[in-house]
Engineer: 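There's a structure below that I have some questions on.
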Amino acid sequence: MSLAALEVLRFERPVLHVLDQALLPGEERWLAIRSLDELTEAIGSLRVRGAPLLGLCGAAGVALAAEVDAGEANLRLAAKRVGAVRPTAVELASGATACLRAVLAVPEMARAAAAWDFCAGYLERRRAEDLALATHGVAVMPRGDVLTHCNTGTLATGGVGTALGVIRAAFEAGRIERCYVTETRPLLQGARLTTWELLRSGIPAVLLPDAAAAALLFSGVVAAVITGADRIASNGDTANKVGTLGLALAAARVGVPFFVAAPTSTVDPGCASGGEIPIEFRAPEEVGGFGGQRWAPGGIAAWNPAFDVTPGELITGIITELGVVEPPYGERLAALTERGRWEGVHG
Ligand code: MRU
C-alpha cells in the first residue's frame, strides 16, 4: 500500500510543532508550542484534535513539563493536567501516563530527552498501526460508496488515519468511487478537515449537512458507513463524535454495515459499557455561532455534547491494527486489546 501521511505534528525538542486545525482549510499555519499552558490551550480549542493525535499530545505535555522541572511531582502533575483537558478520548490521558512511566524510569537529568524520544517512538508506532489498520479495513469494506463522519485522517492521528485511512486504501484498491462526508456540526471537522484531506488525496468527496445523513442512507447510494472512535468500552459500546449514534441507527434500519475503525489503544478495559464513558460537554456558544459569527440570540441555552455512544450491537465490526472484531465483542475485544498492549500506552 502506498498511502502517504501528511505531516501534522513534529517533535523538535524543546518545541512541539502542530498544524493549527482551527484555521483549516482557510490557512495552513504551524503553531510552535513551548509550554504546558500553550498545549492545554491548543487541545481545548481543538487546534489539535482527534483521539490518536491527542495521545501524542498527552505525551508531549510531559516532555514540555520536563524541560522546566523533571522532578517526579511536577511530571505527575503535568500528566494529570494535560490528560484532563478533554475527558472522552482515552488516549489523551493514557498517552500522558505512558510517557510519564517511561521517563520516571530514568534519572532526573535524562528525563527531558527520554520524554522527547518517547514521543518520536510513539509517532512512528502510530504511523505503522494506521497502515496495518487500513489493510485490515479494506478487506472487509463492501464495494460501493462510503459515508463517514467527523475527521479521522492524518489530521486526527499523525499517520494515514483510521476510518479515513481505510477509505483511502479502499479507493486505491478501486473498491469505492466517492466518499460522502457529514459536515459535523458544530465545529465542522467534516466540512473543514475531511474534505480538505480527501481532495488532497484525489478522492471525490460529497459534503452533506448532518441532518441529511439518514435520508442519504435511506436513498440506497451508500454501501457502508465507517467512523473512528474516541473510547471503546469492553463490551464494544463506542464513543465518537456526536452524530455517530444517529448514523448507526439509520444504517441498521436500512441494513447498511456500520464499521468503527480505531487502534486497540482506544479500547478502555476500565469501562465495562458505554454508560461509563465520560462525555465532554462544550460551550453553548459553539452551537449558536461559528468563527466569530453568531446566528442564535445571545444567552440562549444549548445542549452541546461533543460525543455520543453507539451501542456495540449496532456496530458491524471494529477494525483495528491487529484485525477486525465482530460481535459479540466482550471476550474477542479483550483478547485483541491484550495482544495490542504495548509498553505504556495501554497501561
Ligand atoms: O472533537 P474531535 O474533533 O477531537 O473529535 C474527533 C472524533 O470524534 C474522531 O472521530 C475520533 O477522535 C477518531 S479520530 C481517528
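In listed order, ligands and their atoms are each counted from 1. Not measured: the values here are computed from a predicted model.
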Engineer: Is a side-chain donor-acceptor pair under 3.5 Å present for Ser273 with Asn235?
Structural biologist: no
Engineer: For Glu321 and Thr264, does a side-chain donor sit closer than 3.5 Å to a side-chain acceptor?
Structural biologist: yes
Engineer: Return the residue, atom name and 0.1 Å-rounded distance of the protein heavy atom closest to atom 3 (O) of ligand 1.
Structural biologist: Arg49 NE, 2.5 Å
Engineer: Given Asn240, Ile43, Val260, Thr244, which has its nearest heavy atom closest to atom 9 (C) of ligand 1?
Structural biologist: Asn240
Engineer: Give me each pair satisfying salt bridge (Lys or Arg N to Asp or Glu O under 4.0 Å) with a member in residues 228-239, each pair once, sequence neighbours excluded.
Structural biologist: Arg231-Asp268
Engineer: Between Ser265 and Glu91, do the side chains contain a donor N or O and an acceptor N or O under 3.5 Å apart?
Structural biologist: yes
Engineer: Within less than 4.0 angstrom of ligand 1, does Thr227 place any heavy atom?
Structural biologist: no
Engineer: Heavy-atom contact under 4.0 Å between Pro52 and ligand 1?
Structural biologist: yes
Engineer: Is the shortest N/O to N/O distance between Thr162 and ligand 1 below 3.5 Å?
Structural biologist: no
Engineer: Should you measure from each heavy atom of Ala51, which atoms of ligand 1 turn up under 4.0 Å away?
Structural biologist: 12 (O), 14 (S)
Engineer: Taking the side chain as every heavy atom from C-beta outward, state whether Val18 and Arg47 have any atom pair closer than 4.5 Å.
Structural biologist: no
Engineer: Is the shortest distance from a heavy atom of His149 to ligand 1 less than 4.0 Å?
Structural biologist: no
Engineer: If you look at every heavy atom in Glu286 and Pro186, which pair is closest and at what distance?
Structural biologist: O-CB, 3.3 Å
Engineer: Using a strict cut-off of 4.0 Å, indicate which atoms of ligand 1 neighbour a heavy atom of Lys241.
Structural biologist: 1 (O), 2 (P), 5 (O), 8 (O)
Engineer: More than 12 heavy atoms of other residues, nucleotides or ligands under 6.0 Å from CD of Glu12: is that the case?
Structural biologist: yes
Engineer: How far is atom 8 (O) of ligand 1 from its nearest protein heavy atom, and which residue and atom is that?
Structural biologist: Asp230 OD1, 3.0 Å
Engineer: Where the side chain of Arg178 meets the backbone of Asp145, is there a donor-acceptor pair that is under 3.5 Å apart?
Structural biologist: no
Engineer: Where the side chain of Arg127 meets the backbone of Gly159, is there a donor-acceptor pair that is under 3.5 Å apart?
Structural biologist: no
Engineer: For Arg86, counting its heavy atoms only, list the atoms of ligand 1 lying under 4.0 Å from any of them.
Structural biologist: 1 (O), 2 (P), 4 (O)
Engineer: List ligand 1 atoms under 4.0 Å from Leu46, heavy atoms only on the residue side.
Structural biologist: 1 (O)
Engineer: Applying ring-ring contact (aromatic ring centres under 6.0 Å, His included) as the test, list every pair that has at least one member in residues 243-283; sequence neighbours left out.
Structural biologist: Phe281-Trp303
Engineer: For ligand 1, which atoms, with element, lie under 4.0 Å from some heavy atom of Gly50?
Structural biologist: 4 (O), 12 (O)
Engineer: Counting only heavy atoms, tell me which of Ala261, Ala239, Ala229 gets closest to atom 13 (C) of ligand 1.
Structural biologist: Ala229
Engineer: For ligand 1, which atoms sit closer than 4.0 Å to a heavy atom of Ala156?
Structural biologist: 14 (S), 15 (C)
Engineer: At a 4.0 Å threshold, what atoms of ligand 1 neighbour a non-hydrogen atom of Gln189?
Structural biologist: 1 (O), 2 (P), 3 (O)
